[in-house]
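Taking it in order: structure first as structure tokens, then the write-up.
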Protein chains: 2
Amino acid sequence: MYEDLKYWYLRDHKLFRTLSFGQIKQLCIITGFKKAQKGEIIYFSASDLPRIFLLKKGNIKIVAVDEDGNETIKDIIQKGDLFGELTLEADIQSNEYAKVLSDDVAICSFLMSDFENLLLRNPSLALSYTKFVGLKMKRIKNSYSNLISKDAKTRLFQFLKDWAEKEGKQVENKVVIENYLTQNDIAQIICTSRQTATHLLNEMETNGTIVYSRKEIIITDISKI
Amino acid sequence: MYEDLKYWYLRDHKLFRTLSFGQIKQLCIITGFKKAQKGEIIYFSASDLPRIFLLKKGNIKIVAVDEDGNETIKDIIQKGDLFGELTLEADIQSNEYAKVLSDDVAICSFLMSDFENLLLRNPSLALSYTKFVGLKMKRIKNSYSNLISKDAKTRLFQFLKDWAEKEGKQVENKVVIENYLTQNDIAQIICTSRQTATHLLNEMETNGTIVYSRKEIIITDISKI
DNA sequence: GATGATATGTCGGCTATATTACAGTTCTAC
DNA sequence: GTAGAACTGTAATATAGCCGACATATCATC
């Protein structure tokens, strides 16, 4: 039954739709499975063999710690996203961990080497995966050029817009987003200081563009953003 | 003879080493080949079918033009690098062109769709290619975090160091780099204004860290950088 | 519901860097 | 060689957003 659960979790992911039942089973044999609660920290780098993870439930943030001990958010991972050694090259030096943002999460994982073998045996999966990595690259390129040419306000707008599009629930022309991020998180994602983010969010609230609370963010008129 | 030339140009690239003679020939049949001179502009986006390009000789820069007509450097491509629709997803809206920086360049190209077919038939090439795209992604991630956490001076240092490592010729502990970039180019690469770049370069020259000219940059003591 | 921890709000000074502006220099092409 | 274009040098001014400092609000836990 537990085995079955893992099986479906993988089967469910769009990337794996091209696989046969047998192939999925094969990957599932070596699949790990893990649950965790809000606030928990999950280390997933050096210690073990390199792995690829699939977040099946909840939200996590990937945090990197640099030489000086500063923590920066590398990524926000949502239900259905893959994370870990996506480039299929283990990098040793990276000092990253994942922190659970939602009430609870479920994560499957499999060894990078096993995944590689699967790709070798399944060319059309390999092609899909290549495109998937390419898409990730495009996203980063996009954030990069935003950071170069747009100011903090514009980046915040863009971030809220993207977030709303991905996760917001539309009610008439309002959009409600479940807010699992702190203002500090948001600040880091759009690459600015906490104070600036706070200031901008309050400004938007005064303008009537959004209603902000720790639980949810309501964009009052999505057409205006 | 001309056909043979194209053949070898591809054969030469490390990505294609895993391919058989037959497979290369197959891709070569549809290979395009082009030469261009310094200053020439090569458009490679919308007009034609999406392609992947391989720069066999020389240097070019990829320039993007935004809505307001501002030009920004997206990438510097060197001998042996691939460019174009590397993500295997044609994006329509991108308004990019390539400008030749070196005296002359040689470029081969093949259709994205043909390349896709080749990947489908050759899983180990697909795997290598994924890793290659992953590496590109890592590079961008790296520039991104540099831009977030390092000032212009540090970014210039890092850029010169990388450039020296990639292309510099070491003579004792001096490193000589052939300088095919203008200060404006350098400024754009490290994401700062031309004036700041000029100022920093002059500062480094006064310090005796580098000797700058339009033809070459000499790093006087590589161990100090 | 008291206590500590974490998150948010607010303010003013400071600094790196953009911007504007113009002069001098080097290259390119006739 | 000369004109024009492109590149480089320099300086003054403007400003976005960082940073420190502290107050207040909200949450988690006993």
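All chains are named by letter (A, B, ...) in the order of the sequence lines, taking the proteins before the strands, and each is independently numbered beginning at 1.
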**Report entry** OP1 or OP2 of dA6(D) under 4.0 Å from side-chain N/O of Q183(B)
**Finding:** no
Query raised in the report: Tell me the side-chain hydrogen bond (donor to acceptor under 3.5 Å, both in side chains) pairs involving residues 139-152 of chain B, sequence neighbours left out?
Result: D151(B)-T154(B)
Query raised in the report: Touch check for S193(B), heavy atoms < 4.0 angstrom, all strands: base, sugar-phosphate only, or nothing?
Result: base
Query raised in the report: To the nearest Å, how far apart are L201(B) CG and dC7(D) C1'?
Result: 13 Å
Query - Under 3.5 Å donor-acceptor, T220(A) side chain and T209(A) backbone - result: yes
Report summary line: Rounded to whole Å, CG of D151(A) lies from C1' of dC18(D) at a distance of 15 Å
Requested in this report: Quickly work out the I41(B) CD1 to dA6(D) C1' distance and round it to whole Å.
Outcome: 14 Å
Query - Presence of donor-acceptor pair under 3.5 Å, side chain of R194(B) and base of dG9(D) - result: yes
Requested in this report: Taking heavy atoms of chain B and a 4.0 Å limit, find me the 5'-most and 3'-most nucleotide of DNA chain C within that range.
Outcome: dT17(C) to dT26(C)
Query raised in the report: Would you call the rings of F53(A) and F83(A) parallel, tilted or perpendicular, where under 30° means parallel and over 60° means perpendicular?
Result: parallel
Report summary line: In short, A187(B) meets S193(B) closest at the heavy-atom pair CB-O, 3.6 Å
Report task. For E203(B) and dA11(D), give me the distance from atom CD to atom C1', rounded to whole Å. Result -> 16 Å
Report task. Could you tell me whether the phosphate oxygens of dG9(D), OP1 or OP2, come under 4.0 Å of any side-chain nitrogen or oxygen in N202(B)? Result -> yes
Query raised in the report: Does K99(B) come within less than 4.0 Å of D185(B), counting only side-chain N to carboxylate O?
Result: no
Requested in this report: In whole angstrom, give the distance that lies between atom CD1 of I190(A) and atom C1' of dG17(D).
Outcome: 11 Å
Report summary line: Checking K56(A), K38(A), K35(A), K57(A) against D104(A) for salt bridge (Lys or Arg N to Asp or Glu O under 4.0 Å), the one that qualifies is K57(A)
**Report entry** Residue met sooner reading DNA chain C from 5', once N179(A) and Q195(B) are mapped to nucleotides
**Finding:** N179(A)
Query raised in the report: When you check the gap from the basic side-chain N to the acidic O, do E203(A) and K153(A) get nearer than 4.0 Å?
Result: yes
**Report entry** Comparing H199(B) and A152(A) on DNA chain D - which has the more 5′ nearest nucleotide
**Finding:** H199(B)
